[in-house]
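The chain is numbered in sequence order, starting from 1.
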Amino acid sequence: MPELPEVEALKDFLTDNLVGHEIVRVLPVAISVLKTYDPPLAAVEGHEVAAVHRYGKFLDCETDGGPHFVTHLARAGWLHWKDRLPDGPPRPGKGPLALRVALETGAGFDLTEAGTQKRLAVYVVRDPQEVPGVARLGPDPLADDFDEARFTALLEGERRQLKGALRDQSLIAGVGNAYSDEILHAAKMSPFKLAASLTPEEIRRLYEALRTTLTEAVERSRGLAAGRLKAEKKSGLRVHGRTGEPCPVCGDTIREVSFSDSSLQYCPTCQTGGKPLADRRMSRLLK
């Protein structure tokens, strides 16, 4: 799933390639991708892109004098830029293509989604706050005003485990499964430690890990073409998706806890005092 760093890089890429250009056609291939009907999808046609914004994991293409084209790539969606789009309209079928946006230059992009769970979402709205997922977002962790005091206030009375709290978009915007693993590894904390149990020193350590991990990921992605962002994300991860590999910090074997539709990775030595966490599907988690 694209998370804050990748979506931020896509925002920068689209700013360079979309702003000032006219959207001449928007061609839906999978109707399931459309989440709004008023204004209609065609309302963005004939308008120039004035700016591109990021809200958490949402991308917003603001048109000049027209509506906003907002998309969420979900777990398996992606944006593919093409300097020259294929001639002729795309044909509906069983492939991953969900929607195509064409510019007056002949360039444009495709939105695709792999797999059977169709969660890729496109909204055409007058204001991004009309998108429910945008309206409920918590603060952006890379915003200038997101300081340690604000982070501390968010965690006050938070009874959930850290893994779940970090992934909650209404608490903090933009962090998903992969970067929550990376943040907790950098902070040397168990994913199942209760947020409310953190000491001031632990909150400080987690805050610094949050900001540093995301900032470094954004810097690694900055300036890359859209097609290279997935590979860059994977190469920069230290524990997520690396079950069975040695921890780059201590050399212990990275372990995994599986859930019904996802998994997390962690280092026992760095994060859980050497204790492996039990698989949640089989038994209660070890604290």
Show me the pairs that pass side chain to side chain donor-acceptor pair (under 3.5 Å) and involve residues 72-91, at least two apart or across chains.
H80-T112, W81-D83
Using the test salt bridge (Lys or Arg N to Asp or Glu O under 4.0 Å), find all partners of E113 that sit at least two apart in sequence or belong to another chain.
none
When Ile, Leu, Val, Met, Phe, Trp and Tyr are grouped by side-chain heavy atoms lying under 4.5 Å apart, directly or through other members, which residues fall in the same group as F58?
Y55, V70, Y123, V125, V131, V134, L137
Residue pairs involving residues 46-60 (criterion salt bridge (Lys or Arg N to Asp or Glu O under 4.0 Å); sequence neighbours excluded):
E8-R54, R54-D140
What residue pairs, at least two apart or across chains, pass salt bridge (Lys or Arg N to Asp or Glu O under 4.0 Å) with a residue in residues 176-187?
K163-D181
Can you list the residues that meet the side chain to side chain contact (heavy atoms under 4.5 Å, CB included) rule with P40, with sequence neighbours excluded?
A43
Lys/Arg N to Asp/Glu carboxylate O, R222 vs E219, below 4.0 Å
yes
The complete set of salt bridge (Lys or Arg N to Asp or Glu O under 4.0 Å) pairs with one or both residues in residues 148-157, sequence neighbours excluded, reads D145-R150, E148-R204
Tell me, please, which residues at least two apart from T269 pass side chain to side chain contact (heavy atoms under 4.5 Å, CB included).
C250, D252, C267
Within residues 22-32 or reaching into it, pairs that qualify as side chain to side chain donor-acceptor pair (under 3.5 Å) - sequence neighbours excluded:
none
The criterion is side chain to side chain contact (heavy atoms under 4.5 Å, CB included); which residues satisfy it with T63, sequence neighbours excluded?
I23, V44, H47, P67
With distance as the sole criterion, is a donor-acceptor pair present between the side chains of E245 and T243 under 3.5 Å?
no
For Y179, what are the other residues in its hydrophobic cluster, where any two members join if their side-chain heavy atoms are less than 4.5 angstrom apart?
L4, L142, F146, F151, L154, L155, L162, L166, L171, I172, V175, I183, L184, M189, L198, I203, L206, Y207, L210, L214, V218, L237
Sequence neighbours excluded, which residues qualify as side chain to side chain contact (heavy atoms under 4.5 Å, CB included) partners of D127?
Q129, E130
May I ask you to decide if L277's main-chain N or O and Y266's side chain share a donor-acceptor pair within less than 3.5 Å?
yes
Counting C-beta onward and ignoring hydrogens, is there a side-chain heavy-atom pair between H185 and C270 closer than 4.5 Å?
yes
Side-chain donor/acceptor of Q265 to backbone N/O of G241, under 3.5 Å:
yes
